[in-house]
Amino acid sequence: MDIVIRPVTAGEHAELGEITAQAYLSDGLLDFGESDGYLGELRDVAKRAAAAEVLVAVADGTLLGGVTFVPGPGPMADLAGPGEAEIRMLAVSAAARGRGAGEALVRACVDRARALGRTRMVLSTQRSMHAAHRVYERLGFTRNPARDWNPLPEVDDILLLVYELTL
């Protein structure tokens, strides 16, 4: 199976939004389940594509998953500072997991960051995303606990872990 990484098309926004939402829901990554406010952000691919670059992994005409590549500080950046690019909302459909789509999407983001002359790639991940952690570590990302953060300070038990890759 050849996986192609390319920019999302407008006609794929709804499908990728649903893949992303279902990946987070089925993996129990949304603290408030179906009522989680972040679910709308995950589904809103058009909004992400207007402010950053959304890439998809496709094989044999099937959309496998996607990622948001944030080239630097701006409206879609949670972490990226000067000289940094960021990966956000990486998701692969349940049916496509284990086939290399997630790794191919991360590699494409790293390649784009290098091409833009960025010095570091950063990302946030949840403690329970063990498969994603293995992909990041295999590609050379390392943890930076000093940058771990809570996106909802009013909720004490949410902590996002930060991984970095020096480019």
Side-chain angles (χ1 to χ4, degrees), residues 5-25 27 29-58 63-93 101-102 104-127 129 132-133 135-136 139 141 143-156 158-167:
I5 305 298
R6 61 166 173 74
V8 69
T9 65
E12 295 167 326
H13 286 178
E15 184 179 2
L16 179 58
E18 201 53 36
I19 286 171
T20 307
Q22 290 308 314
Y24 277 66
L25 281 169
D27 289 350
L29 302 174
L30 298 173
D31 287 330
F32 307 107
E34 288 281 354
S35 64
D36 199 298
Y38 194 54
L39 194 55
E41 293 294 315
L42 295 171
R43 286 187 168 121
D44 196 347
V45 176
K47 177 181 174 184
R48 294 199 303 272
E53 185 176 2
V54 179
L55 303 173
V56 292
V58 180
L63 189 62
L64 307 177
V67 67
T68 301
F69 171 73
V70 182
M76 282 302 300
D78 281 335
L79 296 169
E84 296 179 330
E86 186 170 347
I87 294 172
R88 295 206 48 214
M89 300 178 198
L90 173 66
V92 175
S93 71
L105 287 162
V106 173
R107 285 182 184 278
C109 290
V110 170
D111 290 345
R112 280 168 166 68
R114 283 190 174 117
L116 292 171
R118 301 300 183 255
T119 57
R120 186 176 298 118
M121 173 70 68
V122 296
L123 62 90
S124 301
T125 182
Q126 293 182 20
R127 286 179 271 221
M129 295 176 158
H133 300 168
V135 169
Y136 304 141
L139 295 176
F141 283 80
R143 284 272 296 115
N144 183 346
R147 289 182 78 174
D148 290 353
W149 64 290
N150 181 339
L152 298 171
E154 67 276 9
V155 181
D156 289 334
I158 297 176
L159 181 69
L160 295 180
L161 309 179
V162 174
Y163 277 78
E164 300 178 339
L165 175 67
T166 300
L167 303 174

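We use all heavy atoms of the structure for the numbers below, so side chains are in, but hydrogens, waters and symmetry mates are not.
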Asks: Between atom OH of Y24 and atom CZ of R43, what is the distance when rounded to the nearest 0.5 Å?
Replies: 13.5 Å

Asks: Could you tell me if the side chain of D111 sits less than 4.5 Å from the side chain of F69, heavy atoms only?
Replies: no

Asks: Please report the shortest heavy-atom distance between A108 and L55, naming the atom on each side.
Replies: CB-CD1, 4.1 Å

Asks: So, taking the atom named CG in D148 and the one named CG in L160, what distance separates them when rounded to the nearest 0.5 Å?
Replies: 8.0 Å

Asks: Give me the atom names and distance for the closest heavy-atom approach of I87 to V106.
Replies: CD1-CG1, 3.9 Å

Asks: Work out which heavy atom in A85 is nearest to a heavy atom in R118; give both atom names and the distance.
Replies: CB-CG, 4.0 Å

Asks: My understanding is that only residues two or more places apart in sequence, or in another chain, count here; which of them pass ring-ring contact (aromatic ring centres under 6.0 Å, His included) with Y163?
Replies: H133, Y136

Asks: Quick one: are T119 and L167 in side-chain contact, heavy atoms under 4.5 Å?
Replies: no

Asks: Atom CZ in R6, atom CD in E12: separation rounded to 0.5 Å?
Replies: 4.0 Å

Asks: What's the shortest heavy-atom distance between S93 and I19, and which atoms?
Replies: N-CG2, 3.7 Å

Asks: Restricting to salt bridge (Lys or Arg N to Asp or Glu O under 4.0 Å), what partner residues turn up for E164, sequence neighbours left out?
Replies: R120, R147

Asks: E15: which residues meet the salt bridge (Lys or Arg N to Asp or Glu O under 4.0 Å) condition with it, sequence neighbours left out?
Replies: none

Asks: For the residue pair V56 and P7, what are the closest heavy atoms and their distance?
Replies: CG2-O, 4.1 Å

Asks: Where the side chain of N150 meets the backbone of L159, is there a donor-acceptor pair that is under 3.5 Å apart?
Replies: no

Asks: Check whether any side-chain heavy atom of R112 lies under 4.5 Å from a side-chain heavy atom of P71, and answer yes or no.
Replies: no

Asks: Rounded to the nearest 0.5 Å, what separation is found between the CD atom of E18 and the CG atom of L25?
Replies: 8.0 Å

Asks: Do L63 and V58 pass the side chain to side chain contact (heavy atoms under 4.5 Å, CB included) test, and can you show the C-alpha distance, the side-chain angles, and the key distance before you say yes or no?
Replies: CA-CA 5 Å; L63 189 62; V58 180; 4.0 Å; yes

Asks: Let me know which of E86, R88, R48 forms a side chain to side chain donor-acceptor pair (under 3.5 Å) with T68.
Replies: R48

Asks: Within a strict 4.5 Å, meaning less than it, do heavy atoms of the V67 and C109 side chains meet?
Replies: yes

Asks: Which distance, rounded to the nearest 0.5 Å, do you find between the CE of M121 and the OG1 of T166?
Replies: 11.5 Å

Asks: Can you name the nearest heavy-atom pair linking A80 to G72, along with the distance?
Replies: CB-C, 3.9 Å

Asks: Mind checking what makes side chain to side chain donor-acceptor pair (under 3.5 Å) contact with H13, not counting sequence neighbours?
Replies: none

Asks: Does any non-hydrogen side-chain atom of R107 lie less than 4.5 Å from one of I5?
Replies: no

Asks: Please report the interatomic distance CG(L90) to OG(S124), rounded to the nearest 0.5 Å.
Replies: 12.5 Å

Asks: Contact between V110 and L165 at the side-chain level, heavy atoms closer than 4.5 Å - yes or no?
Replies: yes

Asks: With sequence neighbours excluded, tell me which residues meet side chain to side chain donor-acceptor pair (under 3.5 Å) with R114.
Replies: none

Asks: Under the side chain to side chain donor-acceptor pair (under 3.5 Å) test, which residues partner T20, sequence neighbours left out?
Replies: none

